[in-house]
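Inspection log for the structure reproduced underneath, given as structure tokens.
Residue numbers start from 1 in every chain, and the chains themselves are labelled A, B, ... in the order their sequence lines are given, proteins ahead of strands.
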Protein chains: 2
Amino acid sequence: MALDPAPAEPAAEAPVTSRIVALVSAGVASSRADLARELGVAPSTVSGRVTELIDAGVLDEGGAGESRGGRRPRLLRLRPDGGHVLAADLGGTHARLAVMDLTGRLGAVREVPIEVADGPEAALAAILEEGADLAAPSAASSAASSDAAPGARSALRGIAIGLPGPVDVVTGRVESPARMPGWNGFAVRDWLAERAGVPVLVDNDVNLMALGEHFSYPRRVEHSVTVKAGSGIGSGLIASGRLHRGATGAAGDITHSRVSAAGEIPCSCGKLGCLETIASGAAIVRQLRAQGLDVTTTADVVRRAGDAEPAVTTLVREAGRHLGEVLCTVVNFVNPDAVFLGGALSTLEPFVASVRSQLYEGCHPLVTKNLVITRATTGPEAGVIGAGRLVVQHVLADPGAFLLRD
Amino acid sequence: MALDPAPAEPAAEAPVTSRIVALVSAGVASSRADLARELGVAPSTVSGRVTELIDAGVLDEGGAGESRGGRRPRLLRLRPDGGHVLAADLGGTHARLAVMDLTGRLGAVREVPIEVADGPEAALAAILEEGADLAAPSAASSAASSDAAPGARSALRGIAIGLPGPVDVVTGRVESPARMPGWNGFAVRDWLAERAGVPVLVDNDVNLMALGEHFSYPRRVEHSVTVKAGSGIGSGLIASGRLHRGATGAAGDITHSRVSAAGEIPCSCGKLGCLETIASGAAIVRQLRAQGLDVTTTADVVRRAGDAEPAVTTLVREAGRHLGEVLCTVVNFVNPDAVFLGGALSTLEPFVASVRSQLYEGCHPLVTKNLVITRATTGPEAGVIGAGRLVVQHVLADPGAFLLRD
DNA sequence: CGAGGTTCCTTCGCGGTCGAACAAAGTAAG
DNA sequence: CTTACTTTGTTCGACCGCGAAGGAACCTCG
């Protein structure tokens, strides 16, 4: 009887050491007492971990803070010379790159044209090169008032990369991706780790976005569904604060769900009537071209919908409706706290509105009662933010390893 | 930066002590070494807990087992004089009751006619009464060769009850159920606990069935979707071994998903085109009556489909197809290891076949590759088995309390 | 300018789990 | 029958988290 029902509140937590660093870097907590309160952990525990982190050179003790009626706290901060990580969100025809410092603040962001279809080596090499360039003028270029020594070139600590296809996170390989010719079975993580000499995390792009959104949202979220609607459509589920990858790592597939109003367009998966064939950015492009309009990319669609071209807007609305239809089933089944809408199409208000409308109409009231339906709060950077934070946490998880490379 | 992604393998575990008892009672493990292997826990830990449990009188050491090429194991077993629990699975017009001993073995089972519509007091009182009667001729009546002292009336240790509607498991109350007039807000748990004087667990019937199926399945299952297709249609999700209840406890709703071939029949939820209106047992009854056939309950449908009446079988097949259609979206999204089909309709092979066929056709190959689609392995007892095991585990969770009542 | 209260942080002992080493009890093979 | 190997179970030291107690630093009020 291996029965194991959810106990009252186990709340699978990350190691305390890592969470301490996270809170300090986020500025949420600045003293040991703060941390104890925030983490709901014994003061003694915090004390121990913090001394450890200071010894390891991760944290720093900077002066005393304001008294709150008693002894003044000894302020903690992340050592400013900590370095940075590189986060990459790879799309079909371009990659978004970002530098993030260990406090989780986003530095320079850059979008570079990269053809996934050119194969992994070309794409990954470009990412490494552009990434190095991006970090070159010191990571403090954007965060102006950072008290890092100006001009001091900070060290690369890790890389996270999101890919638009199924990823085996254990091996760090790509697995039979639909739109990534030449990538099948390629060991992305090892390839990068070998060249960069730092820890590398590889995951599906939507998973990273989902993590970023889930934990960036100001209110506490237990379960969330994140949809990325761009050229393709993907989604990610976070249940009980844990990313749900499914049995074969293929969870979150909504793009091949049958949708009632589907046409006869065959999908890449071999079926007819998939959501992807009428609601994706690519599908909208195709439909518009059939109408004689000159559009070639999803970006074109977004731009012209932004200009309120009727034909474009209509299709965008319809795409939202179709997505909403599928989401109804998913949301009814999962009953999440929040639905986050990301990707290029989600920057369009008509699109978001249609999805919302469909959900409110098609879901059970008990499900929509407290449901948050919102566009990705971190905007187009959702992907790199999720990726960056993930790898920052990974890097900081082991303070020992942190010091070794200094 | 409260980022908290699923680390390698944290797997929110129940307390070791409780899991030891669970494994021993299930017969999965019978020696300390077995337990250590099964739990993935240090031998020293097992050793400590086991001595504790033996001291507390929960476990017993009985003789030596067969050698596997080395020292012979000292067999462990649950003390046979432990008592029993009462498990109830309440349907719309009947309840299935069962007695289960603390080893998780099912004893006497009985189905009694109970009208949910008569309100909670009447139904629950009937369950208590019939339950007492069921346990009266000693719980060993069915498990013939049990070495419990014959005739020794064993003590009631707990009650678990599954209800066909939304349940707030924290308060033990029913919440705005669709088909349970008079039950809204009724404190089922407290009402029963007060009268029976033992711990009571209340949950949704499908949730209990899902737990039972998930952990009864011979192979290891991480994520599973369980569907109960009877007069109504419900489902439950178990992700990472934890029952997913959703934000408002309404997770698992697939009955109000829109299905493409839906007619104009209004659903109880106020919408048109819900799965429930064409694929539930009630819907099949309605359709058959419209054809002039004399059927009134889902049981009639099952019987006549079993007799291979063409008109009935056709509708059953179609119901399976519609359910399969909705399940495609769910299964694609969740990517479970297994789909368990329970409820009266799932006893019909044509029904199961249609669901299977739809899933294999409509789901992504990566998802169906290793997917198990099977009818509830525990048959019509799935509900009471899940309920029973849940409360057994609850009772055994605290060995101290166990002894106190002896 | 003490006295008492408040806030911050550390020290110390406790409990649970782990890992390694070891003792106990078998089997198998020469 | 002896030796080697396998499996089982316990003992011991270590780590990590908790909680209680207490010392340190600071505020406020008489």
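Regarding Arg72(A), its CZ atom lies at a distance of 23 Å from the P atom of dG23(D), rounded to whole Å. Residue Glu66(B) contributes atom CD, which lies 12 Å from atom C1' of dT27(C) at whole-angstrom precision. In this entry the distance linking CG of Leu39(B) with P of dC18(C) reads 9 Å, nearest Å. One atom, CD1 of Ile54(A), and another, C1' of dT10(C), lie 13 Å apart when rounded to the nearest Å. Spacing between atom CG of Asp34(A) and atom C1' of dT6(C) amounts to 15 Å, rounded to whole angstrom units. To the nearest angstrom, P of dC8(C) lies 14 Å from CD of Glu61(A). Following rounding to the nearest Å, Glu52(B) (CD) and dG9(D) (C1') show an atom-to-atom distance of 17 Å. Rounding to whole angstrom units, CZ of residue Arg19(B) and P of dG16(C) are separated by 16 Å.
Arg37(A) has a side-chain polar atom (N or O) that falls below the 4.0 Å cut-off from OP1 or OP2 of dC8(C). Phosphate proximity of dT10(C) to Arg32(A): present, with a side-chain N or O under 4.0 Å from OP1 or OP2. Using a 4.0 Å cut-off, no side-chain N or O of Ser47(A) falls inside it from OP1 or OP2 of dT11(C). Distances shown here put a side-chain N or O of Arg68(B) below 4.0 Å from the OP1 or OP2 atom of dT8(D).
A side-chain N or O of Ser216(B) and one of Arg389(B) form a donor-acceptor pair less than 3.5 Å apart. Between the side chains of Thr248(B) and Asn335(A), at least one donor-acceptor pair of N or O atoms lies under 3.5 Å. Side-chain contact of Glu213(A) with Thr377(A): a donor-acceptor pair under 3.5 Å is present, judged by distance alone.
When each of Arg49(A) and Gly69(A) is assigned the nucleotide of DNA chain D bearing its nearest heavy atom, the one mapping closer to the 5' terminus is Arg49(A). Each of Val46(A) and Ser67(A) has a nearest nucleotide on DNA chain D; the 5'-most of these lies closest to Val46(A). DNA chain C is contacted by both Gly70(A) and Ser31(A); Gly70(A) maps to the nucleotide lying nearer its 5′ end (nearest heavy atom per residue).
Defining each end axis of the helix from dC1(C)-dG30(D) to dG30(C)-dC1(D) as the rotation carrying four pairs' C1' atoms onto the next four, with five pairs an end, the two axes are found to diverge by 20° to 10 degrees.
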- Which letters describe nucleotides 19-24 of chain C, given B = protein heavy atom under 4.0 Å from base, S = only from sugar-phosphate, - = neither? B----B

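Expressed to the nearest 0.5 Å, how far CD1 of Ile161(A) lies from CG of Asp203(A) amounts to 11.0 Å.
Salt bridge status for Glu222(B) with Arg245(A): absent, with no side-chain N to carboxylate O gap under 4.0 Å.
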Under 3.5 Å, which protein N or O atoms sit close to an N or O of nucleotides 28-30 of chain D? Give each pair with its distance.
none

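Contacts of Thr51(B) with the nucleic acid, taken as non-hydrogen atoms under 4.0 Å apart, are absent.
Contact detail for Asp337(B) and Ala247(A): the closest heavy-atom pair is OD1-CB, 3.2 Å. Annotation for Val24(B) and Leu59(B): closest pair CG1-CD2, 4.0 Å, computed over non-hydrogen atoms. Heavy atoms only, all atoms of each residue included: Ser67(B) and Gly69(B) are closest at OG-N, 2.9 Å.
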- Go through the steps to decide whether Asp168(B) and Arg173(B) satisfy the test salt bridge (charged side-chain N to carboxylate O under 4.0 Å, His left out), and finish with yes or no. CA-CA 5 Å; Asp168(B) 183 333; Arg173(B) 291 165 178 276; over 6 Å; no

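The aromatic rings of His244(A) and His223(B) sit perpendicular, their planes meeting at an angle over 60°, well past the 30° parallel limit.
Residue Leu35(A) forms a side chain to side chain contact (heavy atoms under 4.5 Å, CB included) with just one option from Leu76(A), Val28(A), Thr45(A), Val41(A), and that option is Leu76(A).
Arg72(A) places a side-chain N or O within 3.5 Å of a backbone atom of Gly65(A) that can act as its donor or acceptor partner.
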